[in-house]
Amino acid sequence: MDTIVSLCKRRGFVFPAAEIYGGFANAFDYGPLGTEMRRNIRNAWWQSMVHGRDDVVGLEATVITNPKVWEASGHVTTFNDPMVDCKNCQARFRADHIDLKAPCPECGAVGQFTEPRLFNMMLRTYIGPVQDESSVAYLRPETAQGMFINFENVLTATRRKLPVGIAQIGRSFRNEITPGNFIFRTREFEQMEMEYFVKPGEHHAAYDYWRKERFRWYVRLGVRPERLRFMVHPQEALAHYSAGTTDVEYLYPIGWQEVEGIASRTDFDLKQHAAYSGRQLTYFDEESGQHIVPYCVEPAAGVDRTFLMLLCDAYDEETLEKNDTRVVLHLHPLVAPVTVAVLPLSRNEKLVPTARTVWDLLRPHFATQFDDAQSIGRRYRRQDEIGTPWCVTVDFETVEQDNAVTIRDRDSMQQERVPIEDLVAALRERFDAAVAQTNRAADAFEPQL
Ligand code: ATP
């Protein structure tokens, strides 16, 4: 993990937050490359969950909303993790994460843990000038409730029939007691969630469908399937309203950990909000002529954990011939922060103007970078290290002879000469081929439940 953290800082993926002030514990700012990559993750998710489908629509709800929402959802009373403190070193742990009979993982003291107590994880704030109990509001701990409270509005406005999904990407906040492991667990993070509403009885099939679909999505982004697995929550650990929860886990450097949860939530949330709001959150089923409360299946993923997974999965230190080595991120072109780098062979005045023209040609089509500093070999290495799938090199032949450039492939390091006039199409073709390849792999893959 340290290698990834230092690469992230050095190359501008992730910085410690407020570093000039000594930082801010467990908070991170995303730099230029990290920002691009997060946009790519969000776009890929949106494409797969909304634009690519005919049964899901989007939503952007507020971060701070009416506190009644969190009473109805159960977060005010039950969004608690049992915590213990070590009386010897004051370190705090989630009671379900450690063995309470074992020595303290921090200081080794035995038998020094306090009794577990519950801790509400919602971050509080106050609305308006007076700070008292009547002005308390919460930063949302999940985006999901936005979909339930807008269920009626969305269905009325879109005239949709079941099954219908409502999807949202946005920041969520949890006052995590044990944040850590870089961006894996932070207090401010970003979620990509979708509530998929179906007729009661159809939820079992929807749950199975979404579990597999969501697993496959990571394969579509190029993640190795053998580093992914399902973790089905045992029946006795489920909330009373839940008809099933399955996590998708990835083998991070810190071990198998959740990147996404898929939950079959029955009609619990709509019924709760109906009871608390006094509104009928029902759907008129033309087939049966009855008003029904839809059931809901929820795939809930994290942008930050997906980001960390993609970096860990892509990272490689390769030994090349002549005892040469390179660090390379084998990022899928869909998520790589830079798709194409344009590199003049040198800073020679004959080459740079043409290289800039080539760059101008590519910018409307791809995320690009221009680099003319240092030797061409070093620049290839720099692009390898940030996962750029293709480098386009402009050399003397380009300007003196053939008006063609070289496309160098990151993974194979093979080079191919392409006329400038065909360059956009040639890169597009490579991009599409990479997408088609991982789509085929994902479609052919049968995730094991
Ligand atoms: P965990 O058990 O790890 O605390 P969770 O089961 O509480 O996670 P969910 O409520 O299912 O998480 O949230 C859905 C997704 O949101 C998670 O799979 C994860 O990707 C992301 N997520 C949740 N909490 C955090 C956090 N503190 N930091 C980063 N991402 C988070």
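Just so you know, ligand 1 is whichever comes first in the structure, and atom 1 is the first atom listed for that ligand. Start at 1 with the first residue, then count along the sequence.
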Engineer: Could you tell me which residues satisfy side chain to side chain donor-acceptor pair (under 3.5 Å) with E446, sequence neighbours excluded, listed by chain and number?
Structural biologist: K212, R216

Engineer: Please name all residues satisfying side chain to side chain donor-acceptor pair (under 3.5 Å) with D371, sequence neighbours left out, ordered by chain then number.
Structural biologist: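 Partners of D371 by the side chain to side chain donor-acceptor pair (under 3.5 Å) criterion, ordered by chain and then number, come out as R382.
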
Engineer: I'd like the residue list for ligand 1, meaning every protein residue with a non-hydrogen atom under 4.0 Å from the ligand.
Structural biologist: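 The answer is R94, R174, E176, F184, R185, T186, F189, Q191, E258, V259, E260, G261, A300, A301, G302, R305, counting any residue whose heavy atom sits under 4.0 Å from ligand 1.
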
Engineer: What residues form a salt bridge (charged side-chain N to carboxylate O under 4.0 Å, His left out) with R160, not counting sequence neighbours?
Structural biologist: none

Engineer: Is the gap between the ring centers of F151 and Y283 under 6.0 Å?
Structural biologist: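 That pair fails the under 6.0 Å test.
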
Engineer: Rounded at 0.5 Å granularity, tell me how far CD1 in I166 sits from CG in N153.
Structural biologist: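 Reported value, rounded in 0.5 Å steps: 9.5 Å.
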
Engineer: On the 0 to 90° scale, with breaks at 30° and 60°, tag the F230-F215 ring pair as parallel, tilted or perpendicular.
Structural biologist: tilted

